[in-house]
Amino acid sequence: MAKQYWLMKTEEDVFSFDDLINCPDHTDSWDGIRNYQARNFMRDEFSLGDKVFIYHSNTKDIGIYGVAEVVKEAYPDHTALDPKAKYFDAKSAEKGVSRWMMVDVKATHRMTKPILLSDLKTMPELDGLALLQRGQRLSIQKVSSEHWKIIYQLGKAKKI
DNA sequence: GCCAACGTTGGC
DNA sequence: GCCAACGTTGGC
């Protein structure tokens with residue numbers, strides 16, 4: 001499949017872009033996704049080498065902080081089976097099989113300055129970007145290659 | 001803290 | 001399968 005571009009949300013105080021950088025090889029599993037649409041994106045459409053904007057929600061400076069790359073395609077999110085895990089899923093545990101999936105991502109570039117949501121909102125050329133659509137709450141979203149280029153350049157992304 | 005949007009649950 | 005109630009997300 002051709003390379004695709006994505007945006008994934010995270011809460012800064014739960015798992016920030018810096019937390020990802022600090023993982024061994026800047027790589028970690030993106031677990032805890034408990035929404036079917038988001039899971040299906042990972043399961044059906046995430047391919048090795050796909051690029052991902054990492055976005056911090058629910059924080060003071062809401063926006064995009066860096067870029068990551070898919071380094072392992074979808075596999076079962078076993079944290080759903082762990083009663084002590086934050087995103088434990090009783091229904092999965094009942095069956096002994098996780099219905100949720102995760103991918104591994106590696107941080108590759110950091111934005112020189114975070115690209116704030118408030119800035120993105122002022123750019124007419126980003127019309128149609130899922131993130132800017134009203135009422136959207138999906139934690140994994142598609143980004144078109146055109147929008148990706150615009151945002152990527154805006155952030156003056158630097159290699160890690 | 002508020003609240004709109006929207007996903008999930010569960011009774012029928 | 002419908003849909004009301006409830007829970008969560010996430011910007012403000």
Side-chain angles (χ1 to χ4, degrees), chain A residues 4-23 28-46 50-68 70 73-105 107 109-144 146-148 150-157:
Chain A
Q4 296 217 69
Y5 300 94
W6 305 96
L7 178 144
M8 299 203 296
K9 297 180 188 173
T10 183
E11 291 187 44
E12 193 166 33
D13 49 351
V14 177
F15 190 82
S16 70
F17 185 66
D18 280 341
D19 290 335
L20 180 61
I21 291 177
N22 290 330
C23 289
D28 201 17
S29 55
W30 203 262
D31 62 12
I33 300 295
R34 297 291 180 267
N35 171 284
Y36 282 112
Q37 211 180 332
R39 180 203 69 181
N40 294 347
F41 276 156
M42 290 195 289
R43 186 189 62 190
D44 304 333
E45 301 195 45
F46 269 55
D50 279 6
K51 306 280 191 187
V52 185
F53 283 138
I54 304 298
Y55 173 90
H56 289 179
S57 66
N58 253 325
T59 183
K60 188 161 96 29
D61 295 312
I62 299 163
I64 295 167
Y65 282 73
V67 177
V70 176
E73 293 184 359
Y75 60 105
D77 181 349
H78 54 75
T79 67
L81 305 178
D82 176 3
K84 289 191 290 262
K86 184 175 177 199
Y87 296 103
F88 173 65
D89 174 33
K91 282 195 180 168
S92 290
E94 221 172 273
K95 294 189 176 172
V97 178
S98 178
R99 56 178 163 164
W100 303 111
M101 309 284 281
M102 58 188 177
V103 296
D104 287 358
V105 293
H109 296 75
R110 180 209 287 281
M111 299 311 186
T112 305
K113 256 177 73 178
I115 306 168
L116 301 181
L117 177 62
S118 52
D119 293 334
L120 296 175
K121 279 184 169 170
T122 66
M123 300 173 61
E125 60 269 44
L126 294 180
D127 208 34
L129 183 69
L131 185 69
L132 302 181
Q133 262 148 42
R134 187 158 177 266
Q136 65 68 34
R137 307 183 306 171
L138 204 56
S139 56
I140 298 181
Q141 305 179 353
K142 288 189 182 187
V143 178
S144 72
E146 292 77 16
H147 288 161
W148 176 276
I150 295 168
I151 298 169
Y152 186 86
Q153 283 165 13
L154 199 65
K156 300 195 172 72

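Chain letters run A, B, ... following the sequence lines, proteins first and then strands; every chain starts at 1.
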Sorted by number, the residues of residues 57-68 of chain A with heavy-atom contact under 4.0 Å to DNA chain C:
A/Ser57, A/Asn58, A/Ile62

Does any part of the side chain of A/Phe46, heavy atoms only, come nearer than 4.5 Å to the side chain of A/Ile140, both counted from C-beta?
yes

For the residue pair A/Trp6 and A/Glu45, establish whether any side-chain heavy-atom pair is separated by less than 4.5 Å.
yes

Apply ring pair (Phe, Tyr, Trp, His ring centres under 6.0 Å) to residues A/Tyr36 and A/Trp100 and explain how you reach the verdict.
CA-CA 8 Å; A/Tyr36 282 112; A/Trp100 303 111; 4.8 Å; yes

Rounded to the nearest angstrom, tell me the gap between atom [atom1] in [X] and atom [atom2] in [N].
X	N	atom1	atom2	answer
A/Leu116	C/dG11	CG	P	12 Å
A/Arg137	C/dG10	CZ	P	8 Å
A/Gln136	C/dT9	CD	C1'	10 Å

Is the shortest side-chain N/O distance from A/Lys9 to OP1 or OP2 of C/dT9 below 4.0 Å?
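No, no such contact exists.
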
For C/dT8 and A/Tyr87 - does any side-chain N or O of the residue sit under 4.0 Å from the phosphate oxygens OP1/OP2?
no

With distance as the sole test, does A/Asp77 use its side chain to make a donor-acceptor pair with the main-chain N or O of A/Gly32 at under 3.5 Å?
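A pair under 3.5 Å: yes.
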
Check this for me: A/Asp127, atom CG, are more than 12 non-hydrogen atoms of other residues, nucleotides or ligands nearer than 6.0 Å?
no

Check A/Asp89 with A/Arg99, please: is the shortest side-chain N to carboxylate O separation under 4.0 Å?
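Looking at A/Arg99 and A/Asp89, the cut-off is met.
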
